[in-house]
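Structure first, commentary second.
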Amino acid sequence: CRAADLAPPGRRGTIFWDLTRGFRLIASTPVARTIVIGDVHGCRTELDELLDRVALAQGDALCFVGDLVARGPDSAGVLDRVAQLGAALVVGNHEWRLLAARRGEAVRLGPSHQALMKSLEDRHFATLQAMRAWVDFPEHDLRVVHAGVVPGVPIEAQDPWALSHLRTLRDDGTPSDTRDFTLWGERYHEAPHVVFGHNAVDGLQLHPFATGIDTGCVYGGQLTAMVLAAGERVPPKQDRRDVLVSVRARRAYVELKPGA
């Protein structure tokens, strides 16, 4: 089946509209560092602490893997902060759901999403609408997506729904959003290196050509960033923790369940 076939009826075909595009970041001026941050989920306090920990400075390129919102205490505050910072943003499955509902599509909303639909203002939805399906950093040979990619498929041909939802690959290589099969990163052996989030249950994932940095902040875990110096490539597995920076969550805001 195609990745889009994983979506329930009513979610296929038009979900992403203009979110099916990516973004290739080629800096017009020298970039000091590139900083990629994992799933924030409304944890504004932890985000500010992490930005302080990495000492975010003028000239740094900042990117988020998506799932900035939902489940945590201050989604609006997180969106205001990233807009202020001018960060590059990848769309996560939670933003995907809010944008689909905003367009009037038939989509299931949990209590957290229902509350956000009522509380977020137009400026917040403008930030969500500006998110990309992927972001490339050529100087690092690095690609950022929310959930993962299907190996061997050019990025332009990847199904946008899968980019923000897949977790595993079936034996025949087709994608799944469940944990019933093989983690996609274990079967990805090509360039560019992919940094992703989306999978708090499996946590930090260190694969040869992919790094998962959803370390479950909203569930009481950590908020993690990958920090690369100018022109630096992602280190091999044995050295990769050297470029990762994390802060502990203040508390568990929601319970970690198998679908997280």
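Bear in mind the structure is a predicted one, so any value in this text is a computation, not a measurement.
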- Residues forming a side-chain hydrogen bond (donor to acceptor under 3.5 Å, both in side chains) with Asp141, sequence neighbours excluded: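 Per chain and number, Asp141 pairs via side-chain hydrogen bond (donor to acceptor under 3.5 Å, both in side chains) with no residue.
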- Task: List the steps and the verdict of side-chain contact (heavy atoms from CB on, under 4.5 Å) for Leu98 and Leu120.
- Result: CA-CA 10 Å; Leu98 292 175; Leu120 293 182; 4.2 Å; yes
For the residue pair [X] and [Y], what are the closest heavy atoms and their distance?
X      : Y      : answer
Ala147 : His165 : CB-N, 3.4 Å
Tyr253 : Glu46  : OH-OE2, 2.7 Å
Gly92  : Glu95  : N-OE1, 2.8 Å
Gln129 : Leu99  : OE1-CD2, 3.5 Å
Gly42  : Pro73  : O-CD, 3.3 Å
Ser75  : Val69  : OG-CA, 3.4 Å

[atom1]/[X] to [atom2]/[Y] distance, rounded to the nearest 0.5 angstrom?
X      : Y      : atom1 : atom2 : result
Leu244 : Thr211 : CG    : OG1   : 7.0 Å
His41  : Ser112 : NE2   : OG    : 9.0 Å
Leu62  : Ile37  : CG    : CD1   : 5.0 Å
His193 : Leu228 : NE2   : CG    : 9.0 Å
Glu156 : Gln158 : CD    : CD    : 9.5 Å
Leu56  : Leu85  : CG    : CG    : 6.0 Å

Determine whether [X] and [Y] fall in the same hydrophobic cluster, where Ile, Leu, Val, Met, Phe, Trp and Tyr are linked whenever their side-chain heavy atoms lie under 4.5 Å apart.
X      : Y      : answer
Phe209 : Val145 : yes
Val247 : Val245 : yes
Leu206 : Val144 : yes

- Give a yes or no on whether Asp171 atom CG has more than 12 heavy-atom contacts from other residues, nucleotides or ligands under 6.0 Å away.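 Open.
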- Message: Please check if the number of heavy atoms outside Arg241 that lie under 6.0 Å from its CZ is greater than 12.
- Response: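 It does not: Arg241 CZ has 12 such atoms or fewer within range.
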Examine distances only and state if a side-chain atom of [X] and a backbone atom of [Y] form a donor-acceptor pair shorter than 3.5 Å.
X      : Y      : result
Asp48  : Thr45  : no
Gln114 : Leu109 : yes
Asp214 : Ala200 : yes

- Pair His146, Asn93: side-chain N/O donor-acceptor within cut-off below 3.5 Å: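 Yes, because at least one side-chain N or O of His146 sits under 3.5 Å from a partner of the opposite role on Asn93.
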- Option from Ile35, Val243, Thr34 for which side chain to side chain contact (heavy atoms under 4.5 Å, CB included) with Met226 holds: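 Only one of Ile35, Val243, Thr34 forms a side chain to side chain contact (heavy atoms under 4.5 Å, CB included) with Met226, namely Val243.
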- Start with the C-alpha distance between Asp39 and Val218, add both sets of side-chain angles, then the distance that settles side-chain contact (heavy atoms from CB on, under 4.5 Å), and finish with yes or no. CA-CA 9 Å; Asp39 302 46; Val218 75; over 6 Å; no
- Item | Counterpart residues, ring pair (Phe, Tyr, Trp, His ring centres under 6.0 Å), relative to Tyr188 (two or more places apart) |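 Listed in chain order: Trp184.
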- I would like to know whether Arg102 and Asp122 meet salt bridge (charged side-chain N to carboxylate O under 4.0 Å, His left out); could you show each step before the answer? CA-CA 11 Å; Arg102 176 84 163 180; Asp122 287 346; 3.1 Å; yes
- Task: Report yes if the side chains of Leu142 and Val36 come closer than 4.5 Å at any heavy-atom pair, otherwise no.
- Result: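 A side-chain contact under 4.5 Å exists here.
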- Applying ring-ring contact (aromatic ring centres under 6.0 Å, His included), which residue pairs with at least one partner in residues 106-127 are found, sequence neighbours left out?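 Checked against ring-ring contact (aromatic ring centres under 6.0 Å, His included) - neighbours excluded - the pairs reaching residues 106-127 are His94-His113.
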I'd like to know if [X] pairs up with [Y] as an ion pair, taking the criterion as any Lys NZ or Arg NE/NH1/NH2 lying under 4.0 Å from an Asp or Glu carboxylate oxygen.
X      : Y      : result
Asp80  : Arg123 : yes
Asp180 : Arg167 : no
Arg250 : Glu49  : yes

- Task: For the residue pair Trp161 and Trp96, categorise the inter-ring angle as parallel (less than 30°), tilted (30 to 60°) or perpendicular (more than 60°).
- Result: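 Ring orientation, 0 to 90° scale: perpendicular.
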- Task: Please lay out, stage by stage, how Leu166 and Val150 fare under the test side-chain contact (heavy atoms from CB on, under 4.5 Å).
- Result: CA-CA 9 Å; Leu166 84 89; Val150 177; 4.2 Å; yes
